[in-house]
Amino acid sequence: MSDSTHAAHTDGEHNPYVAHHFDNMGQQAGAAKLGMWLFLATELLMFSGLFLAYFICRMWYPDMVLGAHEYLSKTAGGINTCVLLFSSWTMAMAVRSAQVGKPGSKEDAAKIKKYLLLTLLCAGVFLVVKYFEYSAKFEHGMLPGKFYTAHLHGYEIEGLPHIFFGIYFIMTGLHGVHVLVGMGIMIWIYLRASRGEFSHQNYAGVENTGLYWHLVDLVWIFLFPLLYLVK
Amino acid sequence: MSAQAYLKGKEIENPVEVHHHVAPVSLYVIILMALFGLTGLTYAVSFANLGPLSLPVAMAVAALKASLVVAFFMHLKDDDRYNLFVFLGTLIFIGIFFGFTLFDMQARDALNDEQRTFVRAEDERNAGNSPAVGISNDPARLAAWEAKHGSHDEGAEGEHAEGAEGEHAEGDKAEGEH
């Protein structure tokens with residue numbers, strides 16, 4: 001566990017996970033990771049459009065955004081932030097366990113699986129908290145566009161709250177879909193780890209899952225202060 | 001593989017070997033603690049009334065948290081540089097997207113007022129001698145229109161007295177010719 005373990009200098013030694021069209025694992029993993037980063041770039045651009053919608057809404061109707069955000073639960077948002085940050089750590093640890101794992105070692109595979117399970121658990125907690133948040137909003141009629149009925153439930157929010165809740169639901173909803181997809185990918189990676197596929201010889205799959213999961217965390221890092229904590 | 005390859009500005013001998021870097025667990029724990037600490041800070045700051053400063057402060061803290069995640073959890077600090085290039089390139093394009101759109105959204109009304117883009121066209125239409133919308137914003141086209149119909153300001157009163165309908169038709173004709 002030194003600071004810089006070059007565990008995967010496998011030149012010369014045969015690595016069964018290298019596909020025939022790559023020279024070696026370094027090239028293969030580098031290509032996979034570059035592809036993942038390009039995908040993350042498109043993800044960032046997609047979310048940036050929603051963030052821009054938020055900023056324009058905020059620029060034009062600052063009082064409405066201030067008034068409407070009071071109805072979002074800071075506690076729920078704060079808990080979810082901590083849960084996601086912690087899950088990012090467990091994910092990073094899963095990747096690290098794969099990086100230092102020995103091929104064929106049951107113990108090392110169990111370590112990867114443990115951290116993946118913890119990450120999955122955090123994702124589950126996140127969605128459960130989100131479920132309670134969403135049901136409260138549904139109950140109070142704080143919904144997007146034409147579905148907005150909060151005024152019938154005794155909430156008078158100044159301005160155009162149906163637009164704010166439109167932005168809120170689309171942003172957190174798309175983020176929530178990403179959490180769901182991430183859980184699916186993690187289950188798949190968990191099954192592959194159970195088959196003993198991952199070790200220092202081959203961990204690009206775990207690492208790319210990690211990159212995706214950290215992006216989900218990254219988006220939430222900006223969503224939380226903007227939607228829940230605005231002043 | 002005879003091509004030369006560089007990592008962090010230094011030539012590397014074996015360009016296709018794995019350049020992975022395994023960070024110690026303690027580093028990951030420190031980063032996690034820093035992220036929790038900064039979250040607490042954002043939370044606390046949201047209760048302090050910083051006025052117009054609160055958004056930049058919240059965004060600065062979020063950016064710091066995001067860079068910790070990207071640099072350490074996503075390994076960009078020690079990764080091959082082309083991944084960093086992809087990430088920073090994306091940020092530049094997001095910056096262009098945000099910058100131009102927000103500037104336009106914010107400044108368009110003021111620019112329209114300053115240049116009287118719609119006000120002048122409205123005035124002219126009300127006066128019944130409107131060159132079609134757009135002509136009055138283009139000096140060359142406006143000059144051509146005036147050469148044909150006489151100067152605006154002089155003509156306005158007389159035409160007004162004669163009645164709006166006919167003049168409006170003339171304006172439309174002028175539009176067609178240009």
Side-chain angles (χ1 to χ4, degrees), chain A residues 1-11 22-27 29-30 33-34 37-38 40-42 44-45 48-49 51-52 55-56 58-60 74 78 81-82 85-86 88-89 91-93 95-96 99-100 200 203 207 210-211 214-215 217-218 221-222 224-226 228-231, chain B residues 1 14-29 31-32 35-36 38-40 42-43 45-51 54-55 57-59 61-63 65-66 69-70 72-76 78-80 82-87 89-91 93-94 97-98 101-102 105-106:
Chain A
M1 305 225 171
S2 68
D3 182 50
S4 171
T5 321
H6 290 273
H9 283 191
T10 52
D11 287 2
F22 287 110
D23 282 343
N24 59 25
M25 185 46 84
Q27 193 188 34
K33 227 202 280 188
L34 178 61
W37 271 105
L38 287 171
L40 295 190
T42 67
L44 284 173
L45 290 169
S48 77
F51 277 103
L52 187 56
F55 278 117
I56 289 171
R58 190 184 161 122
M59 184 172 77
W60 283 352
K74 281 189 183 194
T81 305
C82 292
L85 289 175
F86 181 70
S88 248
W89 178 79
M91 192 69 228
M93 289 303 292
V95 174
R96 191 187 180 283
Q99 281 178 327
V100 300
H200 71 78
Y203 61 86
E207 189 167 30
L211 286 178
H214 295 312
L215 183 99
D217 186 28
L218 218 58
I221 284 176
F222 284 93
F224 174 55
L226 286 177
Y228 292 81
L229 300 180
V230 274
K231 264 278 152 66
Chain B
M1 294 295 288
N14 219 338
V16 287
E17 75 185 30
V18 178
H19 304 295
H20 84 176
H21 178 95
V22 182
V25 178
S26 57
L27 178 68
Y28 285 139
V29 173
I31 297 300
L32 179 66
L35 288 171
F36 280 150
L38 287 169
T39 305
T42 333
Y43 196 73
V45 159
S46 78
F47 289 103
N49 275 320
L50 293 181
S54 56
L55 181 65
V57 168
M59 285 299 93
V61 176
K65 282 165 74 181
V69 170
V70 170
F72 295 100
F73 286 173
M74 295 171 98
H75 303 143
L76 272 195
D78 296 299
D79 211 348
D80 288 348
Y82 47 67
N83 293 330
L84 181 65
F85 173 77
V86 170
F87 178 65
T90 311
L91 292 192
F93 279 100
I94 290 175
F97 180 33
F98 274 43
T101 314
L102 283 175
M105 296 277 113
Q106 196 166 35

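Small disclaimer: the values here were computed from a predicted structure and weren't measured. Residue numbers start from 1 in every chain, and the chains themselves are labelled A, B, ... in the order their sequence lines are given, proteins ahead of strands.
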query: Checking salt bridge (charged side-chain N to carboxylate O under 4.0 Å, His left out) for the pair A:K33/B:D79: CA distance, chi angles, key distance, verdict?
result: CA-CA 10 Å; A:K33 227 202 280 188; B:D79 211 348; 3.0 Å; yes

- prompt: If we only count heavy atoms from C-beta on, is the B:Y28 to A:M93 side-chain gap below 4.5 Å?
  reply: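 The answer is yes; the side chains approach within 4.5 Å.
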
message: Is any side-chain heavy atom of A:W37 closer than 4.5 Å to one of B:T90?
response: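 No; the side chains remain at least 4.5 Å from each other.
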
Among [options], single out the residue with the greatest number of heavy-atom pairs under 4.5 Å to chain B.
| options | value |
| --- | --- |
| A:V95, A:I56, A:L38, A:D217 | A:I56 |
| A:L226, A:T42, A:L215 | A:L226 |
| A:W60, A:F22, A:F51 | A:W60 |

Mind checking the [atom1]-[atom2] spacing from [X] to [Y]? Nearest 0.5 Å is all I need.
| X | Y | atom1 | atom2 | value |
| --- | --- | --- | --- | --- |
| B:Y82 | A:L34 | OH | CG | 6.0 Å |
| A:I221 | B:L38 | CD1 | CG | 9.0 Å |
| B:L91 | A:L44 | CG | CG | 7.0 Å |
| A:L229 | B:L55 | CG | CG | 11.5 Å |
| B:F36 | A:L85 | CZ | CG | 6.0 Å |

message: side-chain contact (heavy atoms from CB on, under 4.5 Å), that's the test. Do A:L40 and B:M74 meet it? Break it down for me.
response: CA-CA 12 Å; A:L40 295 190; B:M74 295 171 98; 3.7 Å; yes

task: May I ask you to check if B:K65 and A:F224 form a cation-pi contact, with NZ or CZ under 6.0 angstrom from the six-membered ring centre and within 45° of the axis?
output: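 So B:K65 doesn't make the cation-pi contact.
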
Taking every heavy-atom pair that is under 4.5 Å apart, which of [options] has the most such pairs with chain A?
| options | value |
| --- | --- |
| B:V86, B:N83, B:V61 | B:N83 |
| B:I31, B:L27, B:V45, B:L35 | B:L35 |
| B:M59, B:M105, B:H75 | B:M105 |

Heavy-atom distance under 4.5 Å to chain A: side chain of [X], backbone, both or neither?
| X | result |
| --- | --- |
| B:T101 | side chain |
| B:S54 | side chain |
| B:V29 | both |
| B:L76 | side chain |
| B:F72 | neither |

Quick one: what part of [X] sits under 4.5 Å from any heavy atom of chain B, side chain, backbone, both or neither?
| X | value |
| --- | --- |
| A:L218 | side chain |
| A:F86 | both |
| A:S88 | both |

- prompt: Which heavy atom of B:S46 sits nearest a heavy atom of A:K74, and at what distance?
  reply: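 Closest heavy-atom pair between B:S46 and A:K74: OG-NZ, 3.3 Å.
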
query: Which atom names give the shortest non-hydrogen contact between A:F222 and B:A66, and what distance separates them?
result: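 So the two residues come closest at CE1-CB, 3.7 Å.
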
message: Test of understanding: with side chain to side chain donor-acceptor pair (under 3.5 Å), list the residues that count as partners of B:Y43, not counting sequence neighbours.
response: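 Applying side chain to side chain donor-acceptor pair (under 3.5 Å) to B:Y43 gives none.
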
